[in-house]
There are 2 protein chains.
Amino acid sequence: MLKYALLGFLNYNPATGYDLKQFIDVSTSYFWHAKQSQIYTTLKKMEEEDLVSSRFEPQEGRPNRRVYTISQDGKDELIGWLEKPLDSIEKHKEKLLLKIFFSAGIKKDIVLFELHQQEKLHQKQLLRYQNTTKEVIDQFKGSTGLSEDAEFWEMTRRFGELYEQMNITWLREVISKLEEKDD
Amino acid sequence: MLKYALLGFLNYNPATGYDLKQFIDVSTSYFWHAKQSQIYTTLKKMEEEDLVSSRFEPQEGRPNRRVYTISQDGKDELIGWLEKPLDSIEKHKEKLLLKIFFSAGIKKDIVLFELHQQEKLHQKQLLRYQNTTKEVIDQFKGSTGLSEDAEFWEMTRRFGELYEQMNITWLREVISKLEEKDD
DNA sequence: GAATACATGTAAAATGTTACATGATTTT
DNA sequence: AAAATCATGTAACATTTTACATGTATTC
């Protein structure tokens, strides 16, 4: 699946593994993240499948770079995937919910501490979506040839915003419920 | 991580791999799912680590069963995990968002079809949380020795409900925005 | 007569994480 | 003087998925 993310970015421009790691970190990482090592190995496999081709570029003063370019096969594979509707909803893994599920016997204060900490983290993430992320997307909206794309990026940002708000709502609800209980 | 889910269930009662698969499917699967094969191999590893012990029970007329029981080490490991606060928020992978992110060049109708289908699926899941899941939990709340646990299960159910509602809100918002656009 | 429930396991493949190794240039 | 940026890669390990293999009893 990481393959599609990489094809998506390479469909804009040729790029190196290093570039792609950075693109992902500042954009899709909130709904599709990857480690550097996985990006490099996936690119290698994609080249064997002829979805991309690479050329090695020697540089002076800094490390050599391997620049990947999407092929026609790669473009077809990307479009084919984008056009084929998903037939199910995503299954997530949520450590926090798993812990809560089994926490009936745990001291109230310990659970409350964790919930408060999570609330802080989600609050922080919400602000990131509302400020930093929003500003970056707005810049693309009002310029260059990417204003159309930026409208789609905005939709994914908005998901993040709603998700964090929902999370905070839930955490406050659960915190209240727990506080009322006697331990 | 599946280890903790299995310890959590075994902490209630000894059970077989088959039992555990079913417990998971009807309860935690919405935030922690697992395939049958993974459950069996994980139990085996857990026995090697002395977190559980097993006894083989021959049966007549039906397959033999291997019943797992949690050990003191297993209990300690479970409680230790439950009491240690998470220090970050979960990173999810959302195929739909990845697709939307790269869909600027895709025909509007194709994207809209997918979004409508996702809305239906989320609506269905929302109803499941509000009806089936709710009823099961309410039964435990008003009986036996599990009414305390059921209050925690309810918190995770509530998360599911809010999550599906948020998803539907977002999908409707995105559908409206896309419909207004000219292709 | 077909499907479902009961019940266990292995093997192979895919995916993802952690850790290691290298080394120049630029910024703090 | 230390840390960050640029840049690539491999190896080992852990996790997860897919697929295979088997066989009885009960329910539709």
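Side chains are part of it too, since the values below use all heavy atoms of this structure and drop only hydrogens, waters and symmetry mates. Proteins come first, then strands; the chains are lettered A, B, ... in the order of their sequence lines, and each starts at number 1.
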Whole-Å distance separating the [atom1] atom of [X] from the [atom2] atom of [N]:
X: B/M1; N: D/dC13; atom1: CE; atom2: P; value: 22 Å
X: A/R65; N: D/dT8; atom1: CZ; atom2: P; value: 7 Å
X: A/D19; N: D/dT5; atom1: CG; atom2: C1'; value: 13 Å
X: A/N64; N: C/dG23; atom1: CG; atom2: P; value: 14 Å
X: B/I39; N: C/dT10; atom1: CD1; atom2: P; value: 15 Å
X: A/E47; N: D/dG9; atom1: CD; atom2: C1'; value: 14 Å
X: B/Y40; N: C/dA11; atom1: OH; atom2: C1'; value: 17 Å
X: B/E48; N: D/dA14; atom1: CD; atom2: C1'; value: 14 Å

Does the [X] side chain pair with the main chain of [Y], one donor and one acceptor, at a distance under 3.5 Å?
X: B/E47; Y: B/S54; value: yes
X: B/R128; Y: B/T133; value: no
X: B/E161; Y: B/T156; value: no

May I ask you to say what [X] touches in the nucleic acid, namely base, sugar-phosphate or nothing, with a heavy-atom cut-off under 4.0 Å?
X: B/Q36; value: base
X: A/K3; value: nothing
X: B/E57; value: nothing

| query | More 5' along DNA chain C: A/P63 or A/W32, using each one's nearest nucleotide? | reply |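 Nearest-nucleotide comparison on DNA chain C picks A/W32.
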Could you please name the option among [options] that lies closest to any side-chain atom of [X]?
X: B/Q38; options: C/dG9, D/dA7, D/dT15; answer: D/dT15
X: A/K93; options: D/dG9, D/dT16, D/dA7; answer: D/dT16
X: A/S37; options: C/dT8, D/dT17, C/dA19; answer: C/dA19
X: B/L2; options: D/dC6, D/dG9, D/dT16; answer: D/dT16
X: A/Y18; options: C/dT17, D/dC6, D/dT17; answer: D/dC6

| Would you say B/R62 reaches C/dT8's phosphate, i.e. side-chain N/O to OP1/OP2 under 4.0 Å? |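 Checking C/dT8 against B/R62, no side-chain N or O comes under 4.0 Å of OP1 or OP2.
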| query | Does D/dT15 have OP1 or OP2 sitting under 4.0 Å from an N or O in the side chain of B/K35? | reply |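 No, because none of the side-chain N or O atoms of B/K35 sits under 4.0 Å from OP1 or OP2 of D/dT15.
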| query | When the ring centroid of B/Y129 is compared with that of B/Y30, is the distance short of 6.0 Å? | reply |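 Ring centres of B/Y30 and B/Y129 closer than 6.0 Å.
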| query | Is the A/F102 ring parallel, tilted or perpendicular to the B/Y12 ring (thresholds 30°, 60°)? | reply |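 Geometry flag for B/Y12 against A/F102: tilted rings.
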| Within the modelled atom types, does a donor on one side and an acceptor on the other bring the side chain of A/T42 and the base of C/dT15 under 3.5 Å apart? |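 A donor-acceptor contact between them is absent.
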| field | Closest non-hydrogen atom pair between B/Q123 and B/R172, with its separation | value |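 Scanning both residues, the minimum pair turns out to be OE1-NH2, 3.5 Å.
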| request: Begin from the C-alpha positions of A/E114 and A/K95 and carry the test salt bridge (Lys or Arg N to Asp or Glu O under 4.0 Å) through to its verdict. | output: CA-CA 12 Å; A/E114 170 150 55; A/K95 286 192 202 78; over 6 Å; no
| message | Tell me whether A/K45 is salt-bridged to A/E48, with the criterion being a basic N under 4.0 Å from an acidic carboxylate O. | response |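 Not counted as a salt bridge, because no side-chain N and carboxylate O are separated by less than 4.0 Å.
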| task | Would you mind reading off the bend of the helix from C/dG1-D/dC28 to C/dT28-D/dA1 from its two end axes, five pairs each, to 10 degrees? | result |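 For the helix from C/dG1-D/dC28 to C/dT28-D/dA1, the axes at either end differ by 50°.
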